[in-house]
Student: 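Quick one: the structure is below, and I'll ask about it shortly.
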Amino acid sequence: MNDAATPARYDFAAAEPRWQEAWTAQRCFSVPDVPAGDRPKYYVLEMFPYPSGKIHMGHVRNYTLGDVVARYKRARGHQVLHPMGWDAFGLPAENAARERGVHPAQWTYANIAAMRAELQRMGLSLEWDREFATCDPSYYGHQQKLFLDFLKAGLAERKESWVNWDPVDHTVLANEQVIDGRGWRSGAVVEKKKLSQWFLSITKFAPELLSALDGLERWPERVKLMQANWIGRSEGARVRFALETPAGGIPEVEVFTTRPDTLFGMSFLAVAAEHPLAAAAAANNPQIARFITEVRSLGTSEAAIEQAEKRGIDTGLRVRHPFTGETFPVWIANFVLMEYGTGAIFGCPSGDQRDLEFARKYALPVPPVILPPGADPASFQIGDTAYTEDGTLFNSGFLDGLGTAEGKRAAIDALEKQGAGTGVVNWRLRDWGVSRQRYWGCPIPVIHCEACGVVPVPDEQLPVTLPEDVDFSKSGNPLDHHPTWKHVGCPSCGKPARRETDTFDTFVDSSWYFARFTAPKAGTPLVAEAANGWLPVDQYIGGIEHAILHLLYSRFFTRALSGMGKMQAPEPFAGLFTQGMVQHASYRAKDGRWLAPDEVDVAADGSATDKATGLPVTVSRNDKMSKSKRNTIDPGAIIDQFGADTARWFILSDNPPDRDMEWTTAGVTGASRFSQRLWRLVHNALPTLPAPEVLPAADAARDLRRATHRTIAAVTEALETFAFNVAVARIHEFANVLEAHQGADAAARREALEAAARLISPMMPHLAEELWSMLRPGAPLVATLPWLESDAEIAKADSVTLAVQVLGKLRATIEVPVGADEATIFATAEAEENVQRALAGRPIRKRIHVPGRIVNFVA
RNA sequence: GCGGGUGUGGCGGAAUGGUAGACGCGACGGACUCAAAAUCCGUUUCUGGCAACAGAGUGUCGGUUCGAGUCCGACCACCCGCACCA
């Protein structure tokens, strides 16, 4: 290897740690808790990781994207806050405890140490001094304080709600732990069970959370749309239907509808299985009781409920129509959601597809009430498809002849007049249930006292820390079985009382961490000057899977905390970027085993064989990297083999960052080759370059200098717009130009090579420092330098190529001087032989000229 | 089921309504080498043609326009989210 004939190569393994140390030693990435001086602030944040133990390519992509932004903004003169921490509570630690007997805390902190080391090798411009984990008592203790403030402000309350219950393990299951309606561990059929739980009153902010979306100009439209749909504002009416004979003391059923205009199309009324009326009907009817039990085994997830086959049972009860006095049957239906509206609907099969399917299945009538424009009222029939669009009302008594909008108004007026209903705005958004029956989470700091009720833990007793001696061998919540932990004296009356054993949803932890990062060591949860100085986060980056919940909860917390005067920030994240997933081909043997990428040989045509057996394997593309499919690539191994810069460069070059990318070995080796090529360009040029002070002569190497300044402009624009793959492409092109100009004016070449070194710095920061130190020994680090400016005068072109079309088809291209007059351009274009042939002697009827772009002749 | 997104060569992708396929990967041909690796040069959307050139072409069908990958309408396929995974 050290043979004199071997060409010199860039030794990334030596260089990368060296530059990382230099950045740390010079504290290049440190900023004060309160932004100071006249440099504008810029807060770059990537969604902090769950410490699973190893970083995966999704993390590498996420943090590379953030680091490009952080380094670029720093070069543009901002003081950049760029912290990192750990979303450290959650189920996997408890699973590890159950499966391997390792304590969640020990497991988690070991994972954090391992992942921190891996992240540090990536050369990210992070300020590690601000690091914390949400499982640190110094973090979650402050969270408990915030919860007590929520309680005082009336933003937290106890309510009952339904959970997935495993009757064998005696434990609450997450939706992901419910597989085909059964508990993942026990295999028992899951039931819905009602528990009293803590809720945060996010619905109080629903109107604001919705209207403020408009102001989030640097959020993807689709994320805003998803949030708007999630919040789900809908205008409609609540309508009360009196029961013909009250059941279980219930005299009437209230439904919510967005279509009061279709009330005359009613054919039945349906309630959710959890509705009180359902329980009343089941009281002395075992068949109904059995049906309710069956529906309860569907689980609590909306997807499971709505995807299930539509089923129902007639309760035998009947309700009276407020307008006609007619009576209709009351059904219990599995597609009616207790959580939405009032948990009851009136069924109008002609105007709602779900109602129609239900009516057809149970042979209920389908009276049509909305006439599509142009349809004949005498012959109009509903087949397999409900008519859900606007139209003209008919068969609808006093509403006949009205349009949809007027019909709604008239129906609501009539309902209000006779006291049978009111026009209302309904929200899909529900209050946020934050209670979890788990050990590895932040304890909810309240005490239940027989005499005093719910008593907040006094401030001076915070934090309420988790006990360390816990037993995971029993099913259920370990905090609940702990022999002593929950037994405490009531802070109010002193009598024996019981500590709350539920812990917070981990989404609570991540709803304010971005604010804590501004003053991570403070003795109070937040320091207003720090939070106000840095927030909102200027650029937040993470996966699209968080588009709704995490972002919405953070927006809610930001408003709540601002409302309580803890800080003043209208929104947590001014700019949001959602990255795509990292995928990899997966390989499956004939016998069904999944094979890891290093267990197969991939041929040139893409087919693959099992290295061990030589048998062909099935290759599938575009699979999300996952342990189960064994198609993960370990970032650590990639960095060992190719270096952090290569991994970063490939990830940026592959495709636009908001799309899913495919990790390929070929792509990595290509990126590696390019880093060596750049290094070689500088290495080979060094002996021929003049001193840095020598400026290129005015007209020396114009092509090269034009390319240099055009590249600066193009890369700058690409970085500004998150088009990192385009930035990479422009630098590739520039390298091609550099190679073609190795004999050009030496000062121009120095200018070009120095530009190359600095333009790659957000993306390949180590190589940038290496090249810069070669070109300018002893000069300050690239990490401390301002961004390059393009000189428009040098970048300007002398001539321009115009496409010439005849009837919109390309027939020739012409080269004209910049600023040539239109007549000359048309004459030149017309004179082209190919243009003449295409015109075939026909007169030109119209001449179109788009300066700098195109000439089109219409003949 | 509801909501959201994506679709361009062999592959990843580029393209303010204006030359479709920049740039990279792969492949093929060549140079260097005893040989290989590394590196460099060239070709590479498809069809026809020696070529000049012509025709077709951005998931499908239709529309607007001098001109559509881009705008509009309908459809198809795939992916993601759905409140206790993080």
Side-chain angles (χ1 to χ4, degrees), chain A residues 6-7 9 47 49-50 52 87 89-92 161 163-164 172-178 197 220 222-223 225-226 228-230 232 300-308 310 335 339 353-354 357 428-430 432-438 505-507 510 543-550 552-553 580-581 604-606 621-622 624 650 653-656 658-662 664-667 669-671 673-674 676-677 680 723 725-726 728-733 736 739 801-813 833-834 837 845-848 850 852-858:
Chain A
T6 307
R9 287 176 69 79
M47 291 179 183
Y50 178 79
S52 58
D87 189 13
F89 275 133
L91 272 180
S161 84
V163 295
N164 297 309
V172 176
L173 297 176
N175 283 332
E176 67 154 18
Q177 296 175 324
V178 180
Q197 314 211 58
R222 60 171 168 150
V223 173
L225 193 56
M226 281 192 258
N229 288 333
W230 189 261
T300 57
S301 92
E302 191 177 311
I305 293 165
E306 294 204 10
Q307 242 166 315
K310 287 180 187 44
F335 65 90
E339 286 81 14
Q353 190 60 31
R354 285 174 304 180
E357 284 170 32
R428 205 184 83 97
L429 185 67
R430 314 200 291 256
W432 174 14
V434 293
S435 295
R436 298 290 182 270
Q437 294 69 42
R438 320 239 179 258
D505 176 5
T506 56
F507 272 126
S510 55
I544 186 74
E545 65 273 20
H546 291 292
I548 299 175
L549 294 180
H550 162 58
L552 194 61
Y553 293 151
M581 286 186 304
D605 65 357
R621 309 187 61 92
N622 301 330
K624 184 177 179 172
F650 168 56
S653 68
D654 188 63
N655 67 354
D658 56 341
R659 297 222 206 139
D660 292 346
M661 75 168 285
E662 194 179 351
T664 60
T665 311
T669 52
R673 218 159 30 225
F674 183 72
Q676 291 294 346
R677 189 171 157 215
R680 210 165 39 240
N725 58 325
V726 178
V728 167
R730 295 289 97 87
I731 291 171
H732 269 286
E733 285 173 357
N736 292 341
E739 233 148 42
T801 306
L802 288 181
V804 183
Q805 298 181 337
V806 177
L807 285 166
K809 270 190 191 297
L810 181 72
R811 295 300 174 185
T813 58
E833 191 188 335
N834 230 23
R837 186 162 44 218
R845 287 190 285 124
K846 194 170 171 187
R847 293 176 170 82
I848 294 152
V850 181
R853 295 282 180 187
I854 205 161
V855 171
N856 190 11
F857 295 131
V858 184

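Fair warning: this is a prediction, and the values are worked out from it, not measured in the lab. Naming: A, B, ... by sequence-line order, numbering from 1 per chain.
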Student: Does A/Phe507 reach a base, just sugar-phosphate, or nothing at all? Heavy atoms under 4.0 Å.
Tutor: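 Base contact.
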
Student: How long is the line joining NZ of A/Lys809 and C1' of B/A56, in whole Å?
Tutor: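 After rounding, the gap between these two atoms is 8 Å.
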
Student: In whole Å, what is the span from the CG atom of A/Asn856 to the P atom of B/A68?
Tutor: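 Nearest whole value for this atom pair: 10 Å.
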
Student: Could you pull out the closest heavy-atom pair between A/Arg438 and A/Val172, with the gap in Å?
Tutor: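 So the two residues come closest at NH1-O, 3.2 Å.
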
Student: Can you see if the side chain of A/Asn229 gets near the phosphate of B/C82 - specifically, an N or O under 4.0 Å from OP1 or OP2?
Tutor: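 No.
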
Student: Side-chain contact, heavy-atom cut-off 4.5 Å: A/Val163 with A/Gln197?
Tutor: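 Sidechains of A/Gln197 and A/Val163: in contact.
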
Student: Can you tell me the base-pairing partner of B/C2? Count Watson-Crick or G-U wobble geometry only, both distances below 3.5 Å, and say none if there is no partner.
Tutor: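 Its partner is B/G81 (Watson-Crick or G-U wobble, both distances under 3.5 Å).
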
Student: Grab the CG-P distance between A/Leu91 and B/C85 for me, whole Å please.
Tutor: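 Going from CG in A/Leu91 over to P in B/C85 covers 7 Å.
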
Student: Does a side-chain heavy-atom distance below 4.5 Å link A/Gln805 with A/Arg811?
Tutor: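 Result no, sub-4.5 Å side-chain heavy-atom pair not found.
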
Student: In the structure shown, which nucleotide is the Watson-Crick or G-U wobble counterpart of B/G55, with both distances under 3.5 Å?
Tutor: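 WC or wobble partner is B/C46.
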
Student: Counting side-chain heavy atoms from CB outward, which of B/C82, B/A38, B/A86 is closest to A/Ala303?
Tutor: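 Among B/C82, B/A38, B/A86, the one nearest the side chain of A/Ala303 is B/C82.
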
Student: Which one, B/C53, B/G1, B/C40, comes nearest to the side chain of A/Arg354?
Tutor: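 Looking only at heavy atoms from C-beta outward on A/Arg354, the closest nucleotide is B/G1.
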
Student: Would the base of B/C66 count as contacting A/Arg847 through its side chain, where contact means a donor and an acceptor less than 3.5 Å apart?
Tutor: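 Such a pair does not exist between side chain and base.
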
Student: Return no unless some side-chain N or O of A/Arg680 is found under 4.0 Å from OP1 or OP2 of B/C40.
Tutor: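 Yes, because at least one side-chain N or O of A/Arg680 sits under 4.0 Å from OP1 or OP2 of B/C40.
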
Student: What's the closest nucleotide to the side chain of A/Asp505 if the choices are B/C84, B/A22, B/A83?
Tutor: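 For the A/Asp505 side chain, the nearest candidate turns out to be B/C84.
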
Student: Taking CG from A/Asp658 and P from B/A14, how many angstroms apart are they, rounded to a whole number?
Tutor: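 So the CG-P distance, A/Asp658 to B/A14, works out to 9 Å.
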
Student: Answer with base, sugar-phosphate or nothing: what part of the nucleic acid does A/Glu357 contact at a heavy-atom distance below 4.0 Å?
Tutor: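 The residue A/Glu357 makes no contact with any strand.
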
Student: Round to a whole Å and report the spacing from CD of A/Gln307 to C1' of B/C80.
Tutor: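 So the CD-C1' distance, A/Gln307 to B/C80, works out to 14 Å.
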
Student: Is the distance from OP1 or OP2 of B/G24 to the nearest side-chain N or O of A/Ser653 less than 4.0 Å?
Tutor: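 Checking A/Ser653 against B/G24: no side-chain N or O falls below 4.0 Å of OP1 or OP2.
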
Student: Using a cut-off of 4.0 Å on non-hydrogen atoms, how would the nucleic acid contact of A/Ser435 be classed: base, sugar-phosphate, or nothing?
Tutor: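 It contacts base atoms.
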
Student: Rounded off to whole Å, could you give me the CZ-to-P distance for the A/Arg730 and B/G24 pair?
Tutor: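 Rounded to the whole Å, the gap is 11 Å.
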
Student: When all nucleic acid strands are considered with a 4.0 Å heavy-atom cut-off, which category describes A/Gln353: base, sugar-phosphate, or nothing?
Tutor: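 Contact class for A/Gln353: none.
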
Student: Quick check on RNA chain B: between A/Thr801 and A/Arg222, whose nearest nucleotide comes earlier from the 5' end?
Tutor: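 Looking at RNA chain B, the more 5' nearest nucleotide goes with A/Arg222.
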
Student: Considering only heavy atoms and no angle criterion, is a donor-acceptor pair shorter than 3.5 Å present between the side chain of A/Gln177 and the base of B/C84?
Tutor: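 Absent.
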
Student: B/C11, OP1 or OP2 - any side-chain N/O from A/Asn655 closer than 4.0 Å?
Tutor: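 Answer is no, no contact under 4.0 Å.
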
Student: When the nearest nucleotide of RNA chain B is assigned to A/His732 and to A/Arg837 on a heavy-atom basis, which residue is associated with the more 5' position?
Tutor: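 Counting from the 5' end, the first nearest nucleotide belongs to A/His732.
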
Student: Check every atom of B/G81, B/A20, B/C23 against the side chain of A/Glu733 and return the nucleotide holding the closest atom.
Tutor: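 For A/Glu733, the side-chain atoms sit closest to B/C23.
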
Student: What's A/Val163 touching, base or sugar-phosphate or nothing? Going by heavy atoms closer than 4.0 Å.
Tutor: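 Base contact.
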
Student: Verify the contact: side-chain N or O of A/Arg659 to OP1 or OP2 of B/A14, cut-off strictly under 4.0 Å; return yes or no.
Tutor: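 True: A/Arg659 side-chain N/O within range (under 4.0 Å) of B/A14 OP1/OP2.
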
Student: On the nucleotide B/C82, are OP1 or OP2 found under 4.0 Å from the side-chain N or O atoms that A/Asn175 carries?
Tutor: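 So the side chain of A/Asn175 is outside the cut-off, no N or O lying under 4.0 Å from OP1 or OP2 of B/C82.
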
Student: Taking only Lys NZ, Arg NE, NH1 and NH2, and the carboxylate oxygens of Asp or Glu, determine whether A/Arg730 and A/Glu733 approach each other closer than 4.0 Å.
Tutor: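 Looking at A/Glu733 together with A/Arg730, the answer is yes, because their closest N to O distance falls below 4.0 Å.
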
Student: Under 4.0 Å between a side-chain N/O of A/Arg811 and OP1 or OP2 of B/G55, yes or no?
Tutor: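 Yes, such a contact exists.
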
Student: Counting only distance, no hydrogens or angles, is the base of B/C84 paired donor-acceptor with the side chain of A/Gln197 under 3.5 Å?
Tutor: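 Side chain to base: pair present.
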
Student: Looking across every strand, which nucleic acid part, if any, lies under 4.0 Å from A/His550 by heavy atom: base, sugar-phosphate, or nothing?
Tutor: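 If one applies the 4.0 Å heavy-atom cut-off, A/His550 turns out to touch nothing in the nucleic acid.
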
Student: Using a heavy-atom cut-off of under 4.0 Å over every strand shown, decide if A/Glu302 touches base, sugar-phosphate, or nothing.
Tutor: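 Here A/Glu302 touches the bases of the nucleic acid.
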
Student: Between atom CZ in A/Arg436 and atom P in B/C84, what is the gap in whole Å?
Tutor: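 Going from CZ in A/Arg436 over to P in B/C84 covers 5 Å.
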
Student: Does B/A36 pair with anything, Watson-Crick or G-U wobble, both distances under 3.5 Å, and if so, with which nucleotide?
Tutor: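 B/A36 is unpaired by these criteria.
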
Student: Rounded to whole Å, please give me the gap between CZ in A/Arg430 and P in B/C84.
Tutor: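 My rounded result for the distance is 7 Å.
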
Student: It should be established whether A/Arg428 places a side-chain nitrogen or oxygen under 4.0 Å from OP1 or OP2 of nucleotide B/A83.
Tutor: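 For B/A83, neither OP1 nor OP2 has a side-chain N or O of A/Arg428 closer than 4.0 Å.
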
